[in-house]
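All remarks here apply to the structure that follows.
Counting from 1, the numbers follow the sequence of the chain as shown. Just follow the structure's listing: the first ligand is 1, and inside any ligand the first atom is 1. Heavy atoms only: backbone and side chains are in, while hydrogens, waters and symmetry mates are out.
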Amino acid sequence: MPSPLGTALITGASSGIGATYADRLAKRGYDLILVARDAQRLRALSEKLTREAGVKISVLPADLTDRAAVRTVEARLRDDESVTLLVNNAGIGPKGTLLDDDPDYLDTMIELNVVAVNRLAVAAAQAFAARGRGTIVNIASVVAYIPERFNGTYSATKAFVLNLTQAIHSEVSGKGVRVQAVLPGLTRTEIFERVGGSFDQFPASMVMDVADMVDAALAGLDLGELVTIPSLPNEADLKAATEARLALGPNLSHDKPAGRYSVANG
Ligand SMILES: NC(=O)c1ccc[n+]([C@@H]2O[C@H](COP(=O)([O-])OP(=O)(O)OC[C@H]3O[C@@H](n4cnc5c(N)ncnc54)[C@H](OP(=O)(O)O)[C@@H]3O)[C@@H](O)[C@H]2O)c1
């Protein structure tokens with residue numbers, strides 16, 4: 001029997017945040033499609049969750065820096081009408097500061113964190129809007145709000161994800177489609193080990209357990225939040241930042257430069 005909730009397609013499901021979403025969504029009763037490169041880990045997770053939750057799970061191994069592989073995942077989002085939820089999560093972190101990092105590695109990061117995320121979000125938005133039903137969860141990062149404090153290319157990829165989510169929301173909100181950007185702070189996963197780093201370089205008080213992060217993000221989704229920052233104590237701070245940004249709106253495009261630039265005929 002297919003799940004009445006439909007199927008959640010989760011990218012980066014082999015470890016960390018994606019694997020935790022897989023666990024939580026299976027236990028909520030979603031069928032799953034698990035995407036990442038490591039097919040063996042995906043199969044092991046699929047067997048465990050099938051046993052524990054009794055839902056239907058498919059494994060779709062894909063390297064999302066490979067554009068042909070991304071198209072295969074896109075096709076699944078478009079053609080499989082059971083898919084009701086995309087968790088657009090796969091991503092990699094930086095090897096160091098922007099001044100120390102390898103430009104070719106940063107290109108790979110953009111390919112995964114931006115190009116693939118965009119293709120899958122667009123495919124899901126188009127398919128879900130046509131079906132009048134669906135939810136897109138895009139995993140950004142708090143560094144979208146504090147680019148001064150982290151690798152610039154990584155922060156920029158996450159600002160892209162936040163911006164994309166806000167823009168998609170404005171296009172699909174009247175069409176039965178929900179969108180959420182999740183902005184984790186430091187979250188204990190494999191992300192830094194994969195690039196030779198460790199969470200030990202940060203104060204423990206800044207690093208959240210991955211289960212808590214995902215549970216808070218899902219609670220934010222249940223509350224109907226467009227932007228969820230699991231560690232932010234006072235939601236009024238995010239509201240104020242959003243209102244300040246939107247207040248710029250009426251003055252961002254005029255036929256004359258502002259007076260302070262003293263442009264002739266301005
Ligand atoms: N942990 C944090 O502190 C933190 C904070 C803010 C945002 N985030 C974001 O959270 C997301 C998940 O990261 P995580 O912390 O859970 O890290 P993680 O444990 O390293 O997991 C990353 C996932 O992405 C997959 N992946 C990596 N390269 C891939 C590729 N080329 N194609 C397909 N899948 C690929 C990995 O699986 P395979 O190796 O099997 O492909 C793995 O499943 C990322 O977008 C990250 O930027 C993390």
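If you number the atoms of ligand 1 from 1 as listed, the ones under 4.0 Å from a heavy atom of Ala13 come out as 43 (O). Atoms of ligand 1 lying under 4.0 Å from at least one heavy atom of Ser141, given by number and element, are 6 (C), 7 (C). Residue Asp38 has at least one heavy-atom neighbour below 4.0 Å for each of these atoms of ligand 1: 40 (O). Taking every non-hydrogen atom of Ala90 and a distance limit under 4.0 Å, the qualifying atoms of ligand 1 come out as 24 (O), 34 (N), 45 (O). Taking every heavy atom of Leu186 and a limit of under 4.0 angstrom, the matching atoms of ligand 1 come to 3 (O). The Ser15 neighbourhood of ligand 1 comprises atoms 18 (P), 19 (O), 21 (O), 42 (C), 43 (O), with distances under 4.0 Å to a heavy atom of that residue. Taking every heavy atom of Asp63 and a limit of under 4.0 angstrom, the matching atoms of ligand 1 come to 30 (C), 31 (N), 32 (N). For ligand 1, the atoms sitting less than 4.0 Å from at least one non-hydrogen atom of Ala140 are 6 (C), 7 (C), numbered in the order shown with element in parentheses.
The side-chain contact (heavy atoms from CB on, under 4.5 Å) test with Leu25 is passed by exactly one of Val137, Leu5, Val87, Thr7: Val87.
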Salt bridge (charged side-chain N to carboxylate O under 4.0 Å, His left out) between Glu190 and Arg41, intermediate numbers included: CA-CA 14 Å; Glu190 296 175 18; Arg41 277 182 101 175; 2.6 Å; yes
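Residue contacts with ligand 1, taken as heavy atom pairs separated by less than 4.0 Å, do not involve Ala19 at all. With a heavy-atom cut-off of 4.0 Å, Ala62 touches ligand 1 through its backbone alone. Under 4.0 Å from ligand 1, not a single heavy atom of Arg41 appears. Looking at Arg194 against ligand 1, only its side chain comes within 4.0 Å, counting heavy atoms. In Val35, neither the side chain nor the backbone holds a heavy atom less than 4.0 Å from any atom of ligand 1.
For the residues Met206, Arg37, Gln40, Met109, the heavy atom positioned nearest atom 41 (O) of ligand 1 is part of Arg37. Nearest residue to atom 22 (C) of ligand 1 from Pro61, Gly91, Gly16 is Gly91 (criterion: closest heavy atom).
We find that Glu47 and Arg43 are not joined by a salt bridge, their nearest charged nitrogen and carboxylate oxygen being 4.0 Å or further apart. Taking 4.0 Å as the cut-off between side-chain N and carboxylate O, Arg78 and Glu74 count as a salt-bridged pair.
What sits closest to atom 8 (N) of ligand 1 on the protein, heavy atoms only, is Tyr154 OH, 3.6 Å. From the protein, the heavy atom lying nearest to atom 1 (N) of ligand 1 is Thr187 O, 2.9 Å.
The closest donor-acceptor contact from the side chain of Arg178 to the backbone of Leu221 lies under 3.5 Å. Listed for the Asn113 side chain is a donor-acceptor partner under 3.5 Å among the backbone atoms of Ile92. Remark: side-chain polar atoms of Asn88 are paired, donor with acceptor, to backbone N or O of Val117 under 3.5 angstrom. Asn89 contributes a side-chain N or O that, together with a main-chain N or O of Thr11, makes up a donor-acceptor pair within less than 3.5 Å. With hydrogens and angles disregarded, a donor-acceptor distance shorter than 3.5 Å links the side chain of Thr50 to the backbone of Ser46. Side chain of Thr187 to backbone of Pro184: no donor-acceptor contact under 3.5 angstrom is found.
Judged by the shortest distance from any of its heavy atoms, Lys158 lies inside the 4.0 Å radius around the atoms of ligand 1.
Backbone and side-chain nitrogen or oxygen atoms of Gly12 are examined, and one is located within less than 3.5 angstrom of a nitrogen or oxygen of ligand 1.
In this structure, Lys95 forms a cation-pi arrangement with Tyr105, its terminal cationic atom sitting closer than 6.0 Å to the ring centre and no more than 45° off the ring axis.
Classification of the Phe192-Phe199 ring pair by plane angle, with boundaries at 30° and 60°, yields perpendicular.
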